[in-house]
Every structure is written in structure tokens, then in C-alpha cells.
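Taking it in order: structure first as C-alpha cells, then the write-up.
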There are 2 protein chains.
Amino acid sequence: MARIPAAERRAALVEAALRVVSRRGIAQATTRAIVAEAGMSLASFHYAFDSRDELIDELITTVVAREQQAVLPDELDGHDLREMLEAGLLRYFDHLRADPEHEQAMLELTQYALRSPDRHPLAVAQYARYAELAARSLAAAAELTGVVWRTPVEQVARVLIAFTDGLTLTWLVARDDDDARAVAHAAADALSRMADPR
Amino acid sequence: MARIPAAERRAALVEAALRVVSRRGIAQATTRAIVAEAGMSLASFHYAFDSRDELIDELITTVVAREQQAVLPDELDGHDLREMLEAGLLRYFDHLRADPEHEQAMLELTQYALRSPDRHPLAVAQYARYAELAARSLAAAAELTGVVWRTPVEQVARVLIAFTDGLTLTWLVARDDDDARAVAHAAADALSRMADPR
DNA sequence: ATGCGACTGGGACAGTCGTCCCACTTCGTC
DNA sequence: GACGAAGTGGGACGACTGTCCCAGTCGCAT
């Protein structure tokens, strides 16, 4: 095995772990499965990380930070707010369909974090980050379409996150595209009605 | 240990397993943890069930069948459709707040089922059952308030399920009651707009 | 070139997992 | 009261887990 500095190895292991969790679930993401995916030995694992838990924690924070650009539309389109929101949700849906295992992995990581008091803050931070990004998009959308949010945009953002999660979970189970689009449509409708013309 | 016929033991083990999954998560629901919770020996477990997988499968189907009365409001109240839907969602939210661990367990069981091809149909059936119950409520609500659903009530039902899941997941992470109520409000709004006056 | 710290490989550890076995006890039936 | 079936208990198994150890090797600064 080529010699790789510990810092790079940490990153490689996190990537390998994400692939394993996506493909086989977090329960199957054992230290051995992860090092096999990364093509290294067990000793390298524990040279780079003190424990599996430490790796999982880093996996969660890494992956959350990266979600940033994936979910956020870099450009908003649509003529009015409702259309713009629906386009955004459908964009997320495309993202979900393109890599369902990834979103399933994110869901599993959240639930995993929820189970231990030590890790609970990670799940909360994950959602706070999502909400922050959503709030930024919602503020921009309101600006562009000349409306103002009736309730604080942070709360609208959290409603959007809830709708997105629901869409994800339902589609992952049923894999019904029409249902998912109906959810996106209804969600966009509901959200757009939380704003008033300026 | 008192002598118990295998059929009763199966039921007792399923109940014990549900408690363990609720309290500690499905990963911790080992055969030993389950029999300890049920107060019996390992041999009794494998006398009643061929394997742990068989127990988990029965747990999922049992618990889904039971969800029936918990989520379905036995009486609908509210003057118009929107109020009626919001009251129903808030009722579900009360149910969630009263026993969050149970809903978290349901979510985990769904994800667990999603991970193996053999069990995937169980998750699909679980959601189909939810949708069926939701459809019945939605049809009754439309009847009572004199409206008709613009899209087939089954699809409206699946949108409702998605919203409910989103509400559940978001609240389980953030435990913010105001956010949850905002989600319920927005969801009721969206759903009510999927119907026209008769 | 040489030494030292960074890195690697393989094997081993103790603990836990699902499952199985077998001797034993209880129960209903004749 | 005997007997076979049903149910029980404890201990054992092989497989797998996370973690650790240690002898060895590489690369870089001197």
C-alpha cells in the first residue's frame, strides 16, 4: 500500500464509509467493510481514527457540509413564487432520483445520530444547516418575485425541510414519481401561500 | 418460568421487541435483549421463532396493523375542510408527542425493511396501509364538508402521508412544537386546496 | 548515509452476535 | 400412573465485531 499521510487517509476513509453506508446501510458499515472499500488495512483505519464512532461523526459533518450545493438551486426560475418553489422542489426530486441511495444514507445517518445523546446534537446541527440554506433560498425567491413572508423566513424554511423529508421518505418506499410530483406541487402551493404581495 | 404455549410466546416476544426497538433502536434489539425484556430464556425464543428475522417481520406486520386506530381520528371536527384536516394533523401530532419513541421505532423499522430485497415489500405494504386509512378519512372529510377531491383521493392520501412523515421526522430531530404546528397548518392548507366545492 | 518519526501489515484479543443442542420438566391423554 | 408431546434452561458453537499490538518499512531532514 502506498504511503499516505493520515489526513488524506481520513478523507479517503470517510468517502469509502459513505459509499458503504449508501450501498449497504449503516449497520453493515463495519470497520472491515470500510477499509475493504478504501482498499487499506485495519491498522490504517485506527491510525487515522481513534474509533469507528469518530469516523461516523466525521462522516455526518462532512456530508452535511457538502449537501449545501446539491440541494440549493444556484439559479431560481419560474414566473411567480409558486412556480419557483415547485421548480426548486422538482429539482430536488431529480437529485433524489439520480442518487436515491445517498438520500437514504442521509436519513439513516440522521436516525443513527438521534439514538445516542452524544450524537443528537449532530442531527440537530444537520437540520439547522438545511434550514439555514433553505431560508436563504426562500428569502431570495421572495425578493425576486416581490413578495414578503408573513411568518419569519426561518420557520417557512423548516416547513420546507419537513415537506422535503416527507417527499424523500415516501418516494424511497413507494418509488412512485407521480405521487412525488403531487407532493411537490402541494408543498409549493402551501409554501407560496405563506407569503403576501409586497 | 411458567409454561406458555408457543403462540402466546410469539405475541409476548413481539411486544417485548417493540419495547426494545422503541427504547434502544433496532440495532440494539438483539435476541438476548428481547428475551431479557420478555423475561424468558434464549431457548424459548428459538422455540417460538425460527430466527430473529422472522420475529422482526412479524413485528412490522403486527405494528402496522395496530397503527390503524391510533392515527385515524374516530370523529372528524372542524367547520370546513381545512380546519378538519388541520385538526386531524394536530391530533396526530399529539399522538407523536405522547409517544415519540414509538414513531421513531416505526421509522426505523421502515428503513430496516427498505434495506433488504426480501423485506422491501413489507415497507411498501406498510405505506399502502397508511394510505388506505388516510384515503378513507379524506373521503369522509370531503363528504362531511360537501366538497369533492380534484385528484383521486388515493393520491391525496399519499400526499398526506408524505406530509405526516415530514412532520414526524422534523419534530423528532428538532422537537420544536411551533415548527410542527406550522407544518400541520401549511399541510392542511395545501390539502384542502386539492378539493373543489361540490 | 543514517537516524527518527510517520506509516503499514498481519495477527490477535475479548466481547457480542444468532443459532443450536441436549438433558430436563411439565402437561394433557389414555 | 405411564407416556409422548410440548415447553424450558443453560451452556456451547462459530462467526463477526471494534480495537489493539508489534515488528517491520518507508521517506525525509540532517
Side-chain angles (χ1 to χ4, degrees), chain A residues 1-21 23-60 108-109 111-113 115-119 122, chain B residues 1-21 23-60 108-109 111-113 115-119 122:
Chain A
M1 193 64 208
R3 288 181 108 69
I4 301 176
E8 286 179 35
R9 224 168 249 286
R10 283 177 74 97
L13 281 167
V14 166
E15 291 310 311
L18 178 58
R19 287 195 299 273
V20 174
V21 172
R23 195 179 329 119
R24 310 212 277 139
I26 192 162
Q28 303 296 321
T30 64
T31 53
R32 282 167 180 81
I34 294 168
V35 297
E37 174 75 23
M40 48 179 93
S41 75
L42 268 178
S44 300
F45 184 105
H46 283 285
Y47 186 80
F49 289 97
D50 280 349
S51 68
R52 192 191 93 115
D53 279 354
E54 190 185 320
L55 184 266
I56 298 292
D57 286 357
E58 185 151 321
L59 171 58
I60 295 177
E108 280 191 34
L109 289 173
Q111 297 227 18
Y112 183 78
R115 272 300 172 189
S116 110
D118 289 349
R119 254 181 294 275
L122 280 180
Chain B
M1 193 64 206
R3 285 180 114 68
I4 301 177
E8 285 179 35
R9 222 167 252 286
R10 284 177 75 96
L13 281 167
V14 167
E15 291 309 312
L18 177 59
R19 287 195 298 274
V20 173
V21 173
R23 196 179 328 121
R24 311 212 274 138
I26 192 161
Q28 303 295 321
T30 65
T31 53
R32 283 168 179 80
I34 294 168
V35 297
E37 174 75 24
M40 48 179 95
S41 76
L42 268 178
S44 300
F45 184 104
H46 283 284
Y47 187 78
F49 289 98
D50 280 349
S51 67
R52 192 191 92 116
D53 279 353
E54 191 185 319
L55 184 265
I56 299 291
D57 286 356
E58 185 150 321
L59 171 59
I60 295 177
E108 280 192 33
L109 289 172
Q111 297 228 19
Y112 183 78
R115 271 299 172 188
S116 111
D118 289 350
R119 255 181 293 275
L122 281 179

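Everything numeric here is computed off the predicted structure, so don't read it as measured data.
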Take the protein atom [atom1] of [X] and the nucleotide atom [atom2] of [N], then report the distance between them rounded to whole Å.
X       : N      : atom1 : atom2 : value
A:Asp57 : D:dG18 : CG    : P     : 15 Å
B:Ile34 : C:dT19 : CD1   : P     : 11 Å
A:Ile4  : C:dA6  : CD1   : P     : 17 Å
A:Tyr47 : C:dG9  : OH    : P     : 13 Å
B:Arg24 : C:dT16 : CZ    : P     : 12 Å
A:Ile56 : D:dG18 : CD1   : C1'   : 12 Å

TODO: Begin from the C-alpha positions of B:Glu58 and B:Leu13 and carry the test side-chain contact (heavy atoms from CB on, under 4.5 Å) through to its verdict.
DONE: CA-CA 10 Å; B:Glu58 185 150 321; B:Leu13 281 167; over 6 Å; no

- [ ] Supply the atom-to-atom distance B:Leu109 CG to B:Ile26 CD1, rounded to the nearest 0.5 angstrom.
- [x] 5.0 Å

TODO: Please round to the nearest 0.5 Å and tell me the distance separating atom CD1 of B:Ile34 and atom CD1 of B:Ile56.
DONE: 5.5 Å

- [ ] Do nucleotides 19-30 of chain D as a string where each nucleotide becomes B, S or -: B if the base has a protein heavy atom under 4.0 Å, S if just the sugar-phosphate does, - if no protein is that close.
- [x] B-----BB----

- [ ] Quick one: which residue pairs count as a side chain to side chain donor-acceptor pair (under 3.5 Å) with a foot in residues 45-56 of chain B, not counting sequence neighbours?
- [x] B:Arg10-B:Glu54, B:Arg52-B:Tyr112

Task: side chain to side chain donor-acceptor pair (under 3.5 Å) pairs, two or more places apart, involving residues 27-36 of chain A - done: none

TODO: Enumerate the residues from residues 10-19 of chain A whose closest heavy atom to DNA chain C is under 4.0 Å, giving them by residue number; use none for an empty result.
DONE: none

Considering all heavy atoms of both residues, which atom of [X] and which atom of [Y] are nearest to each other, and what is their separation?
X       : Y       : result
A:Ala17 : A:Leu55 : CB-CD1, 3.6 Å
A:Ala6  : A:Ala48 : O-CB, 4.2 Å
A:Ala29 : A:Val21 : CB-CG2, 3.7 Å

Open item on the list: If you assign each of A:Ala29 and B:Ala7 to its closest nucleotide in DNA chain D, which residue comes earlier from the 5' end?
Closed with: B:Ala7

Task: Sequence-distant partners of A:Arg23, salt bridge (charged side-chain N to carboxylate O under 4.0 Å, His left out), two or more places apart - done: A:Glu37

TODO: Output yes when at least one side-chain N/O atom of B:Thr30 is less than 4.0 Å from OP1 or OP2 of C:dC17, else no.
DONE: yes

